[in-house]
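Below is one structure, written out as structure tokens; the observations come after it.
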Amino acid sequence: MDKTFEPRDVEARWRDRWEQTGCYAPSGKGEPYSIMIPPPNVTGTLHMGHAFQHTVMDALTRHARMSGKDTLWQPGTDHAGIATQMVVERNLKLAGEPARLELGREKFVEKVWEWKQYSAGTIGGQIRRMGSSVDWSREAFTMDPSYSKAVIEHFVRLYDAGLIYRGKRLVNWDPVLLTAISDLEVVSEEENGKLWHFRYPLANGAKTADGKDYIVVATTRPETMLGDTAVAVHPDDERYAHLVGKSVLLPLTNRGIPIVADDYVDREFGTGCVKITPAHDFNDYALGQRHGLPIFNIFTKTATIISSANDSPIVDEIRRRAEVRPGVKSVTMWTSVYDYTLIPEKYRGLDRFVARRQIVADLEALGLVDKIDDHKLKVPRGDRSGAVVEPYLTDQWFVDLTRETRHDGQPGPGGLTAITRPAIDAVESGRIRFVPDNWKTTYFQWLHNIQDWCISRQLWWGHRIPAWFDDAGNVYVGRDEAEVRIKHGLAADLSLRQDEDVFDTWFSSDIWPMATLGWPEQTEALKKWYPSSVLVTGFDIIFFWVARMVMMGQYFQNDVPFREVYITGLVRDPEGNKMSKSKGNVLDPLDVVDGIALEDLVKKRTTGLMKPETAPKIEAKTRKDYPQGIAAVGVDALRFTFAALATQGRDIRFDAGRAAGYRNFCNKIWNAARYVLMSCEDQDCGRDGKLPVELSDADRWIISKLQKLEAEAAEHFAGYRFDLLSTALYQFIWNEYCDWYLELSKPALQQGSAAQQRGTRRTLLRVLEAALRLLHPLMPFITEEVWQRIAPLAGITGDTIMLQVYPRAEPAKIDEAAEADIEWLKAFILGVRQIRGEMNIAPGKPLPLLLQEGSAEDIARLARMRNAIEFLARVETPRVLEAGDSAPQSATALLGTARLLVPMAGLIDKDAELARLGKQIAKLETDVMKTQSRIDNPNFGKAPANVQDQARQHLAKLQAELQILQRQSTDIAAL
RNA sequence: GGGUGCUUAGCUCAGUCGGUAGAGCGUCGCCUUUACACGGCGUAGGUCGGGGGUUCGAGCCCCUCAGCACCCA
């Protein structure tokens, strides 16, 4: 074996072999266990967050597999409609190729497919390199033909059940990407703006209470005034009560619009008068609905002012279905107006922000601007484009999630009953458990305030909506055009055109746990692995994805899609910022694995930026965070780092130093294995059991400790405590096995009998072999590599550690006596080391040593473990002092009630020993004081008896120790 | 405005049933001892965000204040 662990070689050796020999595929035996990968977007490459979650999933998968379960980790990728479409559009631009609209739909979609092949390949490569044991034979993609069929199927079934409707509604419109987006894709942040106060002249000679012939409305969006269809005041507002029912003359347009009363109006805000633009504001829309106001759309889909009859999607007058909804005061006939001639010519065709400036200027010229205040407001922007989102009236498809009964009046449950409530119930009833538990409140909160889900997107990349229109505007839904014609009895020559739009991506990934297993067919795989065992994902997609999978799983399979949801934290940069390409603080997990020079990292982070001007800042931060670049740590160390940082419900700051520390841990394991091999190869390791084997205290101690570790590992897997798991493994391997057991094995192998040597070798091998299996789910590569060499010597056969059984504790092997013996031994050796270390005595120099006031047990232990003590403490044979013996002046260490004495003659400086004792005495004195005052508390008698006893015993012990040290100090001082 | 977290050693974080605080990294000293310098041995470092309460006893439970983060409206 090499002297240092070289991860690259080892990883390369195993990852292909595991995959090719079918180790990743389900065994077909045992209890089913499955994890569905949250399909990464085919937008590029995996980031640290993926690597983290994949580490967790792979650990769970390997653990389940080793525990004998029929384990499936289902891989795949998501087409990620809008995100991927944007990536491809940008690539076309960078390559100087024709833009999307120039190419046309068919050619463009071909380009996206090319990109998908590339991106999925990159992602697959990354997943493979990380050692993730997914079943590649089942790899899925949300746009695969079979998957697409399932997407269509679930839409048609929901539609047929009256749970999907098409409606003209205000949606969040992205005027750059030209598509509707869902509420979840809008990010609102506070920005500095203005609050304009405009004077709207009263019509027909009406006057305000204080005699003015105008009222003042306040607005943050002056340009929308062209679409105003009312002014609203609060019904209880005395200032305006007499004006309700009267009209104002809308400036610039000279349209008369009514003054209405509605308690939506906040009397305290602005002037208490609000201009109402139902077509361009969600609140105004609702108000307009209540008051039967016309909806006057003034924008084209690129958010310029309409200028011709073809600009708006609203092409004819519509009549709102009479519908009673909560909050609707009256049912009114409701009319939408489209008439570009109502807009003064000078504004037609202007961009919304240009129009704003023009309108303010024109009102100013007319003396109608009352005042302009600075104002902070929440500006809604599309999370992809960053453009200000426009509430916009368009035809879209919705999933009903809010109605008790069907939207169309047919008998049957509505979405609230059929979809939303069962999803709430799945978690409320405990059939799905969130880990950590408190995420369920987030889940409930969203579901209790849910809106209908707009599932159509005006994109080209995605599943095209299976709806067809005839020339009369009738809509027919079916699995394909042929089915539609049959289902609705349409003539073969009736011309039908399919809806141009595609589904929201989440309206395809919502069936991921079912469709990847073959749904709608009730396949064997579906029967076996649905529900999946656990979903591992981030809290940021609880709404987008988790809740929606629960909805669809409950609806279609009448069962939850997963039994547990383990919510991971987000991986952040060293300062705690979210990692994002635009911030330039992303890390490629493989750059941590392979290492990267500072200059390369800077280059990687500053090329291809959306905003090239941010490059200097990004460069500075990168140089600050990683002044030496990043050292290669290998896959195992990176995985272990993620596990160690995976504390419950907390985001994790990635710390390259920590990863380097775990690389050292790998090296430690490697060298421990080297030592074990050197000690055991070509030796009698007690394998055949024919010759006598004798286990020492140390052997029984480490075996006992191993049992406790195994029990702990089981517990931590069950509780998803990968942080505690990794700490326990690290402690055991480094601080018990390497620091103590390996050292103890040295004297045993040098000086022990044949039977003792056999016992030691067997224990060295068996404990290491078990530790490797325990560690394997977190560190697959190094454990496999080492196991291949160790296992045969331990008498274990098998092709791979992957398919070995995960160690389980055997309580019978717990040996408290041996543990106590070794704890005593450690204390003994530490006492001597402490003196040696603090007195600066060379480590190799053998010391004389006396044991004073040792109990019978101390003396027996000393006799039994003398070899180990002499070897590890580097002492001459310790001499036991009898009761009457006088001791020379010595440096002292306490060992329970006994004392270890290192004679000072020629070794130890008087002052140094006094200083050392002084420190220990000071510490003991404060401890004594603390404990004493606790006992002296007059009410301490109320504490349970055992606690009192414990405290008194503790005090007595401290006092005894203190006394010994004080006496010692006085004696030495007197020299 | 509503909700969820967080604040513990220089840094990053554990801390289970309330019993008197731990780890890794870093610091400082000694050591090229035959598994490992990606190492060994030793050492220092804490008013557990502030205040109040419950309790024999609070990092942990309750109240309150401050700061930070995120989610929803």
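We name chains A, B, ... by the order of the sequence lines, and we start the count at 1 in each one.
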Just how far, in rounded Å, is [atom2] of [N] from [atom1] of [X]?
X	N	atom1	atom2	answer
A:Leu742	B:G40	CG	P	11 Å
A:Trp439	B:G3	CH2	P	16 Å
A:Arg836	B:U43	CZ	C1'	17 Å
A:Asp739	B:A35	CG	C1'	12 Å
A:Ile652	B:A69	CD1	C1'	16 Å
A:His448	B:G2	NE2	C1'	15 Å
A:Leu570	B:G5	CG	P	17 Å
A:Leu872	B:G42	CG	C1'	16 Å

The side chain of [X] is closest to which nucleotide in this list: [options]?
X	options	value
A:Asn671	B:C36, B:C70, B:C56	B:C36
A:Met678	B:G40, B:A35, B:A69	B:A35
A:Phe543	B:C71, B:U4, B:C56	B:C71
A:Arg833	B:C41, B:A23, B:A35	B:C41
A:Arg572	B:A69, B:G3, B:C41	B:A69

Please report the closest heavy-atom contact between [X] and [Y], naming both atoms and the distance.
X	Y	value
A:Val427	A:Lys440	CG1-CB, 3.9 Å
A:Asp281	A:Pro391	N-CB, 4.0 Å
A:Tyr741	A:Thr760	OH-O, 3.4 Å

Any N/O pairs under 3.5 Å between the protein and nucleotides 45-49 of chain B? List them or say none.
none

Q: Look at the side chain of A:Glu743 and the base of B:A35, then say whether one donor and one acceptor between them are separated by less than 3.5 Å.
A: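 Answer is yes: a donor-acceptor pair is held.
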
Q.
Closer than 4.0 angstrom, basic N to acidic O: yes or no for A:Arg221 and A:Glu390?
A.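 Looking at A:Glu390 together with A:Arg221, the answer is yes, because their closest N to O distance falls below 4.0 Å.
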
(Q) Quick test of your reading of the model: are A:Glu870 and A:Arg874 salt-bridged, counting only N-O distances below 4.0 Å? (A)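 Salt bridge between A:Glu870 and A:Arg874, a charged N being under 4.0 Å from a carboxylate O: no.
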
When the [atom1] atoms of [N] and [M] are considered, how many whole Å apart are they?
N	M	atom1	value
B:G59	B:G46	C1'	11 Å
B:C30	B:U43	C1'	11 Å
B:U8	B:C48	C1'	4 Å
B:G39	B:C25	P	8 Å
B:C38	B:U32	C1'	15 Å
B:A23	B:C63	P	33 Å
B:C13	B:A9	C1'	11 Å
B:U7	B:C60	P	12 Å

Q: Flag the pair A:Tyr730 / A:Tyr662 as yes when their ring centroid distance falls below 6.0 Å, and as no otherwise.
A: yes

Q: Mark yes when over 12 heavy atoms from residues, nucleotides or ligands other than A:Lys621 sit less than 6.0 Å from its NZ; otherwise mark no.
A: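 Buried by this count: over 12 neighbours within 6.0 Å.
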
(Q) Within the supplied structure, the quantity of interest is the number of heavy atoms (other residues, nucleotides, ligands) at a distance under 6.0 Å from A:Lys708 NZ; does it exceed 12? (A) yes

With a 4.0 Å cut-off on heavy atoms, is [X] in touch with a base, just the backbone sugar-phosphate, or nothing at all?
X	value
A:Lys440	nothing
A:Gln731	sugar-phosphate
A:Tyr730	sugar-phosphate

Q.
Looking at A:Trp787, I'd like to know if the NZ or CZ of A:Arg766 sits under 6.0 Å from its six-membered ring centre while staying within 45 degrees of the ring's axis.
A. no

Q | Whether A:Tyr443 and A:Phe434 hold their rings parallel, tilted or perpendicular, with breakpoints at 30° and 60° | A | tilted

Q: If the plane angle is over 60° it's perpendicular, under 30° parallel, otherwise tilted; pick one for A:Trp439 and A:Phe539.
A: parallel

Check: [X] side chain, [Y] main-chain N or O, donor-acceptor pair, under 3.5 Å:
X	Y	result
A:Asn671	A:Arg674	no
A:Gln948	A:Ala943	yes
A:Asn449	A:Gln445	yes

(Q) Using the side chain to side chain contact (heavy atoms under 4.5 Å, CB included) definition, which of the options A:Val767, A:Val786, A:Ile782 pairs with A:Leu772? (A)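 Checked A:Val767, A:Val786, A:Ile782 against A:Leu772; only one passes side chain to side chain contact (heavy atoms under 4.5 Å, CB included): A:Val786.
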
Q | Name of the residue among A:Leu778, A:Thr641, A:Leu645, A:Leu775 meeting side chain to side chain contact (heavy atoms under 4.5 Å, CB included) with A:Ser726 | A |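 The side chain to side chain contact (heavy atoms under 4.5 Å, CB included) with A:Ser726 is passed solely by A:Leu778 among A:Leu778, A:Thr641, A:Leu645, A:Leu775.
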
Any side-chain N or O of [X] under 4.0 Å from OP1/OP2 of [N]?
X	N	result
A:Gln834	B:U43	yes
A:Lys3	B:G39	no
A:Trp734	B:G40	yes

(Q) One pair to check against side-chain hydrogen bond (donor to acceptor under 3.5 Å, both in side chains): A:Tyr675 and A:Ser745. What are the steps and the verdict? (A) CA-CA 10 Å; A:Tyr675 167 79; A:Ser745 76; 2.7 Å; yes

(Q) Between A:Ala673 and A:Ala644, which residue's closest nucleotide on RNA chain B lies nearer the 5′ terminus? (A)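 Residue closer to the 5' terminus by nearest nucleotide: A:Ala644.
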
Q. So, do A:Phe654 and A:Met48 sit near enough that their side-chain heavy atoms are less than 4.5 Å apart?
A. yes

Using the 3.5 Å cut-off, write out each protein N or O paired with an N or O of nucleotides 15-20 of chain B and the distance between them.
{"residue": "B:G15", "atom": "OP1", "partner": "A:Arg721", "partner atom": "NH1", "Å": "3.2"}
{"residue": "B:G15", "atom": "OP1", "partner": "A:Arg721", "partner atom": "NH2", "Å": "3.1"}
{"residue": "B:U20", "atom": "O4", "partner": "A:Arg934", "partner atom": "NE", "Å": "2.4"}

(Q) Which helical stems does RNA chain B take part in, if a stem means at least 3 consecutive Watson-Crick or G-U pairs with both distances below 3.5 Å? (A) B:1-7 with B:66-72, B:10-13 with B:22-25, B:28-31 with B:39-42, B:49-53 with B:61-65

Do any N or O atoms of the protein come closer than 3.5 Å to N or O atoms of nucleotides 28-33 of chain B, and which pairs are they?
none

Which atoms of nucleotides 6-12 of chain B (N or O only) lie under 3.5 Å from a protein N or O atom, and what are those distances?
{"residue": "B:C6", "atom": "O3'", "partner": "A:Arg650", "partner atom": "NH2", "Å": "2.9"}
{"residue": "B:U7", "atom": "OP1", "partner": "A:Arg650", "partner atom": "NH2", "Å": "2.8"}
{"residue": "B:U12", "atom": "OP1", "partner": "A:Arg653", "partner atom": "NH1", "Å": "3.3"}

Q) Heavy-atom contacts under 4.0 Å between residues 661-669 of chain A and RNA chain B, which residues? A)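 Under 4.0 Å from RNA chain B: A:Arg663, A:Asn664, A:Asn667, A:Lys668.
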
Q: Could you please spell out the steps behind the side-chain hydrogen bond (donor to acceptor under 3.5 Å, both in side chains) verdict for A:Thr402 and A:Asp452?
A: CA-CA 6 Å; A:Thr402 55; A:Asp452 290 351; 2.8 Å; yes

